[in-house]
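Counting convention: from 1, in listed order, for ligands and their atoms alike. Note that the structure is predicted; figures quoted are calculated from it, not measured.
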Amino acid sequence: MKRYRVRPDDHVNLDDFDPRDDSAMPGDKDETLAESAKLQTKLDALQEMLFAEHKHKLLIVLQGMDTSGKDGATRFLMGGFNSQGVHIVSFKKPTDVELDHDYLWRVHAHAPGRGEIAIFNRSHYEDVLVVRVHELVPEDEWKKRYEQIRAFEELLTSTGTTILKFFLHISKDEQRERLQARIDDPEKRWKFAHGDVEERKLWSDYRKAYEDALSKTSTKEAPWYVVPSDRKWVRNFVIGSIVAETLEGLGMQYPQPVIEDTVIE
Ligand code: AMP
Ligand code: MG
C-alpha cells in the first residue's frame, strides 16, 4: 500500500496517479470484495483493542471532490468498527460562530481522545481548498495555513495521535457519471446539489489546490495517501488495508487487570 503514499518531499502531480488503477488488488472485483469483508472483521478486532487499551488515538481524514466517495468510505469503515469509540464528523460551511474563531478551533474540538477513532468527512483541509478556490480569505492568509496545519498535526501526533489522510482520487468523467446518477436515480436524488455542478466547473482550480495541499502537508507522521477511487471496491480495499496495517503497527495489547482470587458465585 506504500505506492499510494505521498512522501514528505514529493511534488504531487495528480496525472501520475490513475484513478482507475486496480493493480494492487488481491484479485478480481469479487475476490477483492471478499477480502474487504475479511478486512472489516479485522478492523473490528483492532478497534476493540484500541478502545480497551485506552492509549492510542487515531484520526482518519477523508478528502476528495464531490461524489468521490467520502460517505461510502465512511460506511465501509463503520462496517468494521463498533460505533462506540468512533466519532464521525462532517465539516460543512462554517457557522458565524466558527468564523469568529480561527479555522482550526472547530477542528481541534473533534480530535480523538485516548482509545478513540475520529473520522473526518472533510476537514481543516477545506481551509486551503474551497477557501482558496473561492478566495474566501486573501491569498497571503491561506498561504500561511500549510505551515499552520503541519504544526497543528505535529501537535496531535506528538501527543499520541496517529493521523492518516486519504485523498479520494476520481476522474472528471467518473464524476460526471456519478452526478448524472444522482439526477436519474430516485434513490440518489436526495444527494444531488446544484452547487456540485457549479463546483465541477472549477475542477482544474480544485485539482491545483489539492496538488499543493498534498505536496505541502504530507509528513512522515501524518501522511497523505492518494486513493484510486473510480472503483468503489478498490477505494474501500485500499483505505481498509492502510487503516488495518496502521493499527497493527501500533503494537497494541489488551490491558491486563489484576484479578485476585475472584470467585464468581
Ligand atoms: P457536503 O460534503 O456535500 O455535505 O458539503 C459540505 C460543504 O461545506 C462543501 O461544499 C464544502 O466545501 C463546504 N465546506 C466545508 N468546510 C468549509 C470551510 N472551511 N469553508 C467553506 N466551506 C466549507
Ligand atoms: Mg455535497
query: When you check the gap from the basic side-chain N to the acidic O, do Asp212 and Arg132 get nearer than 4.0 Å?
result: yes
message: I'd like to check whether Lys93 has a polar contact with ligand 1, where a contact means an N/O of the residue lying under 3.5 Å from an N/O of the ligand.
response: yes
Ligand-side contact atoms (ligand 1) for residue partner Asp127, heavy atom cut-off under 4.0 Å: 19 (N)
Criterion ring pair (Phe, Tyr, Trp, His ring centres under 6.0 Å) against Tyr125, the qualifying member of Phe152, Phe167, Trp224: Trp224
- request: Pick, from Arg122, Glu199, His134, His124, the option with the minimum heavy-atom distance to atom 3 (O) of ligand 1.
  value: Arg122
task: Give a yes/no verdict on a cation-pi contact between Arg145 and Tyr103, requiring under 6.0 Å between NZ or CZ and the six-membered ring centre and an angle within 45° of the axis.
output: yes
task: Report the distance from atom OH of Tyr4 to atom CZ of Phe17, rounding to the nearest 0.5 Å.
output: 10.5 Å
- prompt: For Pro94, is the nearest heavy atom under 4.0 Å from an atom of ligand 1?
  reply: yes
Sub-4.0 Å atoms of ligand 1 with respect to non-hydrogen atoms of Phe91: 15 (C)
query: If you count the atoms of ligand 1 from 1 in the order shown, which ones are under 4.0 Å from a heavy atom of Arg106?
result: 16 (N), 17 (C), 18 (C), 19 (N)
- request: Starting at CD of Glu135, measure out to CD of Glu141 and round the result to the nearest 0.5 Å.
  value: 13.0 Å
field: N/O separation below 3.5 Å, Glu126 to ligand 1
entry: yes
- prompt: Measuring from Leu179:CG to Arg176:CZ, what's the distance to the nearest 0.5 Å?
  reply: 9.5 Å
